[in-house]
Amino acid sequence: MPISSGTLPASVVKLTAVEAKLLAREPGSFFAVVIPLFILVIFGFSLTPGDAVLLPTTLAIGVGLVGLYLVPTTLATYRERGILRRLAATPLRPEALLAVQLLLQLGLAVLGCGLLPVAVGALLGAAVPRPGLVPWAVAVFLLGAVAMFAIGLVIAAVAANGRSANGIGVLLYFPLAYLAGLMQPRHLMPEALAQAGEFTPLGAFVRSLRDLWAGDAPHPVHLGIMAAYAALAGLAAAKSFRWE
Amino acid sequence: MAIIEVSGLVKRYGGVAALDGVSFSVPEGEIFGVLGPNGAGKTTAVECTAGLRRADAGRIRVLGLDPVADARRLRRSIGVQLQQAQLPENIKVWEALDLYASFYERPRDWRGLLAEWGLAHRRDARFGGLSGGERQRLFIALALVGDPKVAFLDELTTGLDPQARRDTWDLIRRVRDGGVTVVLVSHFMDEVEELCDRVAVLDRGRVVAVDTPTGLIDGAGGGHRVRFRPLTPLDDALLTALPEVIAVSRDGDQVTVTGTGDVATAVTGALARGHVLVADLRIDRRTLDDAFTALTGRSFQP
């Protein structure tokens, strides 16, 4: 469905500006940026030079927090408060707000994750992917973010309100983060869980990042897993999303 | 010319008919009331008319447009204030108005609206910090910012104090006088009686009457009652000759006159001209509440 008509691009620009301000005023955005940075700094001090684990881990935490916590909470709250419905009565469509929100939250994830390598560079010499792998890194980041956002959209679709979206997001975040090996080093986890973790979206994301940090291209299976989650969750969200 | 035409509107929720053949039409420039108790289908009827819900059956034209097929064109010419729509907590008053103004091709100057609706001093306040009355005024301003031809206002004065309600009524009259047709959903009898040019009374998904408030009250039968105790002899013919009077009855020394329209003024005038002194004069004006009871056989419980 087209989201604009006639003079509307100007209104989409204004909507983006207002929503960006609202996102900046939202304490949740602050935490989504600061928590990964905090973890990085805490564990950064015990880092061995050339470490290829901590940065991918905190990147995945950052994307996971935005996708599973901020995206569903924001959108479910917008629906709960009738904001989407009110927009449906204007020449602008509520779809525009959805699109603007997702883009801004992706921007927030990029901002939060962008701070991490900078902080690492300032702290100590942890590895970053070699220049030849940067396009892969961008692709992996986007694919991982889209997969997590799609799951966040499903939560937003099924949650009754903003508070329950928040609850579902947190409930889902911890097992996914554990299975992805974000909470405990992989070699300390039960083997079956560690293997199962590879088939979770966050697990595939963090494995791909670690491959990149170890100097390898991401494994196609992990890319496929993220793409599959993105497609299936995206489809489920599109089918089940309610505007009111 | 009718700016809104609704006929045979049906809307079911899970097999239950929320609207069961609703019809009404609104001429341009009217304040048209949709009155009824909670659950009567008022909001559903108006939301279907404004294109926010799809009716299961019936024909709707607003400004000659079908709210479903011509939704995009219609949305440019209507303004809506919804009952259960909020704004983000952290949006500032001016940001909301500026944003909503940008959705329309020829919006009104939102700074003027801000002053008109008494929000100029709250320009930089966040929505979450506004009082109930301020929020309500902001919603009305948002409904008008696109310079609509038709404004749909759902439970306009909910949350307003008595003085703010009266001020709001004055502003709504000004909106109409500026050429905007207003459709007003309300369960407040006094509001509808005071403000509306015509009213559709809804009960259990059906329109039970469409008339002016005065017409509804007079049509309810019985009319108004004037009661008094004459202190000097009174010939009933003095009163029965009045066109407003329907009946005169006596109970002991108590006289009860029923009538329509402004029967109280007519009766007191006639008594004065006939040099009849009275005591314990009481005037029971019939209200829309009585009209509703007469129309539905039930008392109106908002």
Side-chain angles (χ1 to χ4, degrees), chain A residues 1-30 70 73-101 104-105 160-163 166 242-244, chain B residues 43 46-47 49-54 62 67 70-107 110 124 126-129 135 138-139 142-148 150-154:
Chain A
M1 191 185 297
I3 55 172
S4 63
S5 70
T7 60
L8 288 180
S11 67
V12 174
V13 171
K14 188 148 275 178
L15 182 69
T16 310
V18 171
E19 290 299 320
K21 282 197 250 181
L22 292 176
L23 200 61
R25 288 172 195 161
E26 183 61 50
S29 341
F30 176 73
L70 212 51
T73 306
T74 311
L75 294 179
T77 304
Y78 272 27
R79 178 181 56 225
E80 179 191 357
R81 296 174 67 85
I83 293 162
L84 299 177
R85 216 161 84 79
R86 179 61 184 85
L87 274 183
T90 71
L92 191 84
R93 307 298 300 139
E95 290 88 344
L97 180 60
L98 194 65
V100 163
Q101 267 295 331
L104 286 173
Q105 306 241 8
N161 53 45
R163 199 180 292 179
N166 191 350
R242 292 166 292 123
W243 297 103
E244 55 181 271
Chain B
T43 295
V46 168
E47 287 182 348
T49 310
L52 289 166
R53 283 183 203 289
R54 191 185 285 253
V62 180
D70 307 315
R72 291 172 68 181
R73 280 177 66 197
L74 181 62
R75 280 192 292 263
R76 291 176 203 162
S77 313
I78 62 171
V80 174
Q81 174 241 323
L82 298 166
Q83 208 181 339
Q84 269 148 0
Q86 304 277 309
L87 289 169
E89 286 286 301
N90 286 324
I91 200 166
K92 292 178 181 173
V93 169
W94 78 267
E95 288 170 343
L97 279 162
D98 185 36
L99 176 64
Y100 273 68
S102 78
F103 298 161
Y104 300 90
E105 282 172 38
R106 277 176 297 276
W110 57 262
D124 294 319
R126 294 189 183 190
F127 178 77
R135 288 181 182 202
L138 176 58
F139 289 138
L142 288 176
L144 299 174
V145 79
D147 200 14
V150 184
F152 296 92
L153 307 174
D154 196 349

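Note on naming: letters A, B, ... go to the chains in the order of the sequence lines (proteins, then strands), and numbering restarts at 1 for each one. What you see is a predicted model, and the numbers here were worked out from it, not measured in a lab. Below, each value reflects all heavy atoms present in this structure, side chains not excepted, and no hydrogens, waters or symmetry copies.
Of the possible donor and acceptor atoms, none in the side chain of A:R86 sits under 3.5 Å from a partner among the backbone N and O of B:Q81. Side-chain atoms of A:R25 come within 3.5 Å of backbone N or O of B:N90 as a donor-acceptor pair. Remark: the backbone N or O of B:Q86 is not paired with any side-chain donor or acceptor of A:R81 at under 3.5 angstrom.
Rounded to the nearest 0.5 Å, atoms OH (B:Y100) and CG (A:L92) are 9.0 Å apart. Summarising the geometry, atom CG belonging to B:L99 is positioned 7.5 Å from atom CG belonging to A:L87; distances are rounded to the nearest 0.5 Å. The CG atom of A:L22 lies 6.5 Å from the CD atom of B:E95; values are rounded to the nearest 0.5 Å. How far CG of B:L87 is from OH of A:Y78: 9.5 Å, rounded to the nearest 0.5 Å.
Using a 4.0 Å cut-off between charged side-chain N and carboxylate O, A:E244 and B:R53 make a salt bridge.
Pairing each heavy atom of A:S11 with each of B:S102, the nearest pair is CB-O, 3.1 Å.
Here the options are B:R76, B:R72, B:R73, the test is side chain to side chain contact (heavy atoms under 4.5 Å, CB included), and the partner is A:P91; only B:R76 passes.
Contact tally against chain A (heavy-atom pairs below 4.5 Å) for B:A143, B:P148, B:P88: the top residue is B:P88. If you tally non-hydrogen atom pairs under 4.5 Å between each of B:D98, B:L74, B:I78 and chain A, the highest count goes to B:D98.
No more than 12 heavy atoms of other residues, nucleotides or ligands shown are found within 6.0 angstrom of CZ on B:R54.
Only the side chain of B:E47 has a heavy atom closer than 4.5 Å to any heavy atom of chain A.
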